[in-house]
Enquirer: 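Got a structure for you, questions after.
Per chain, numbering begins at 1; letters A, B, ... match sequence-line order.
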2 protein chains.
Amino acid sequence: MNDEQQVLEESRERFIAQWGALGTQWGINRTMAQIHALLMTAVDPLSTDEVMEALQISRGNAHTNLKELVAWGLLRIVVRKGERREYFEAEKDVWKIFRIVARERKRREIEPALDVLHQCAAESEGMKSAPGREYHRQIRELEEFVHFASQVADKIGLLQHGTAVKLAAKLVG
Amino acid sequence: MNDEQQVLEESRERFIAQWGALGTQWGINRTMAQIHALLMTAVDPLSTDEVMEALQISRGNAHTNLKELVAWGLLRIVVRKGERREYFEAEKDVWKIFRIVARERKRREIEPALDVLHQCAAESEGMKSAPGREYHRQIRELEEFVHFASQVADKIGLLQHGTAVKLAAKLVG
DNA sequence: GCGAAATTTCAGAAATAAATGAAATAGATG
DNA sequence: CATCTATTTCATTTATTTCTGAAATTTCGC
């Protein structure tokens, strides 16, 4: 049993380390991903100091990333009665996590792209020259597609877990 | 008409610059995104030297990113008869672009995550202690979800443009 | 209000990613 | 096979991002 605890600790540490490394690929920083991994697999909420201790990072780093995760909605702040300091607890429901990440990605990746495309489409509207018309056509196609993708993302974000699973199951066959 | 050409050039330059800046958000580097924007809106294929000139970048940088885009499948190499040097031409079909980007993201973001989750799930299989069982349950849920998402991405990647649009249209309502 | 404990901020340091430019290699031409 | 041109590689430089640690600020019990 003591042995099991040992294996668990090691597995969890590897999970945190690797999830952190993955974070880099997803465009979020390593520490943020590590904190998320730490708290998703934590039994109880942790304080800033406990996070600092567990990941061996500075206060400023821990603080900034904890607050960023709270801003995303991936962590909640918990206050224990009679205690002054804040504790942090992770959202553990995978469908909720997915929706949050999807929403954030849409905001950071899709919406700014739409703005650019929209502006360029407007600027080249009604051009007469062949290169001008070709440019406008290409931008418009991109714009339409991204706009459409954006709407799809919105709708998926509104679905209940069950509904989404059924829909996806039909697709996967 | 000369005026139109002026406006076109400026719009295109802004598009390239902003698409490049967006690239940073998508986890690809600025130059790669700029080259992609440049060639998506180019009438004819361009050579390495023309890309260097248009974006004011070094040969090494142009070369590396052109080849990376070719590896993704977003650019094709074109050889003109009687010409020694290579020209590059962009895939302009938005649905094809989408499928390529989705495939690449799956490979870089989903698959490594699945590996990590799979390993951690196996390591904690059959644990007896309460924390061990809880850890296993959480990892398993993540694993299942990511695996499912991976399958969905595969299926979508196989759809024809028309089919995908119909499906998505039903969803958007 | 005062002091202790926590949170927040931020300038500078460290780490990481990307770009340069020149040298090495490969490929064609006569 | 000698040469000219294009491609590729890579050590170094530059730019960007992230982290640290200490100072400033806030918060709360007394």
Enquirer: Check whether any side-chain nitrogen or oxygen of B:His63 sits under 4.0 Å from OP1 or OP2 of D:dT8, and answer yes or no.
Expert: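 Yes, such a contact exists.
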Enquirer: So, does B:Arg30 get its side chain near the phosphate of D:dT16, meaning an N or O under 4.0 Å from OP1 or OP2?
Expert: yes
Enquirer: For B:Arg140, run the side chain to side chain donor-acceptor pair (under 3.5 Å) check against B:Glu143, B:His136, B:Gln138 and tell me which one passes.
Expert: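 Result for side chain to side chain donor-acceptor pair (under 3.5 Å) with B:Arg140: B:Glu143.
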Enquirer: What is the separation between atom CD on B:Gln56 and atom C1' on C:dG21, rounded to the nearest whole Å?
Expert: 15 Å
Enquirer: Rounded off to whole Å, could you give me the CD-to-C1' distance for the A:Gln34 and D:dC19 pair?
Expert: 12 Å
Enquirer: Starting the side chain at C-beta, find the nucleotide from D:dC19, C:dT20, C:dA19 nearest to B:Thr31.
Expert: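 Minimum distance to the B:Thr31 side chain belongs to C:dA19.
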Enquirer: Rounded to whole Å, how long is the line connecting atom CD of A:Gln25 with atom C1' of C:dA17?
Expert: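 Answer to the nearest Å: 12 Å.
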Enquirer: Is a donor-acceptor pair below 3.5 Å formed from side chain B:Arg84 to base D:dA6, judging by atom type as modelled?
Expert: no
Enquirer: Within this structure, what is the CD-to-P distance between A:Glu68 and C:dT9, rounded to whole angstrom?
Expert: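 So the two atoms are 12 Å apart, to the nearest Å.
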Enquirer: Please test B:Trp19 against A:Leu117 for side chain to side chain contact (heavy atoms under 4.5 Å, CB included), starting from the C-alpha separation and ending with a verdict.
Expert: CA-CA 9 Å; B:Trp19 204 251; A:Leu117 291 166; 4.1 Å; yes
Enquirer: From the options B:Asn29, B:Thr24, B:Leu22, select the one residue that forms a side-chain contact (heavy atoms from CB on, under 4.5 Å) with B:Trp26.
Expert: B:Leu22
Enquirer: Report yes if a side-chain nitrogen or oxygen of B:Asn29 is closer than 4.0 Å to either non-bridging phosphate oxygen (OP1 or OP2) of C:dA19; otherwise report no.
Expert: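 True: B:Asn29 side-chain N/O within range (under 4.0 Å) of C:dA19 OP1/OP2.
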Enquirer: Quickly work out the B:Arg59 CZ to D:dT7 P distance and round it to whole Å.
Expert: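 From B:Arg59 CZ to D:dT7 P: 8 Å.
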Enquirer: Once you round it to whole Å, what is the distance between C1' of C:dA18 and CG of B:Leu55?
Expert: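 Going from B:Leu55 (CG) to C:dA18 (C1'), I get 15 Å.
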Enquirer: Count the heavy atoms belonging to other residues, nucleotides or ligands that lie under 6.0 Å from CZ of A:Arg105, then report whether that count exceeds 12.
Expert: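 Yes, CZ of A:Arg105 has more than 12 neighbouring heavy atoms, counting only those of other groups under 6.0 Å.
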Enquirer: So does B:Glu9 pair up with B:Arg12, basic N to acidic O under 4.0 Å?
Expert: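 B:Arg12 and B:Glu9: not salt-bridged.
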Enquirer: Go through D:dT7, C:dT8, C:dA19 for me and flag the one nearest to the B:Arg85 side chain.
Expert: D:dT7
Enquirer: Return whichever of B:Met32 or A:Phe88 has its heavy-atom-nearest nucleotide of DNA chain C closer to the 5' end.
Expert: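 Result: A:Phe88.
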Enquirer: Report yes if at least one side-chain N or O of B:Lys67 is closer than 4.0 Å to OP1 or OP2 of D:dT7; otherwise report no.
Expert: no
Enquirer: The side chain of A:Glu86 lies closest to which of these nucleotides: C:dT7, D:dT17, C:dT9?
Expert: C:dT7
Enquirer: Whole angstrom is fine here: how far is it from CG in B:Asn61 over to P in D:dT12?
Expert: 19 Å
Enquirer: What is the distance from OH of B:Tyr87 to C1' of D:dT7, rounded to the nearest Å?
Expert: 15 Å
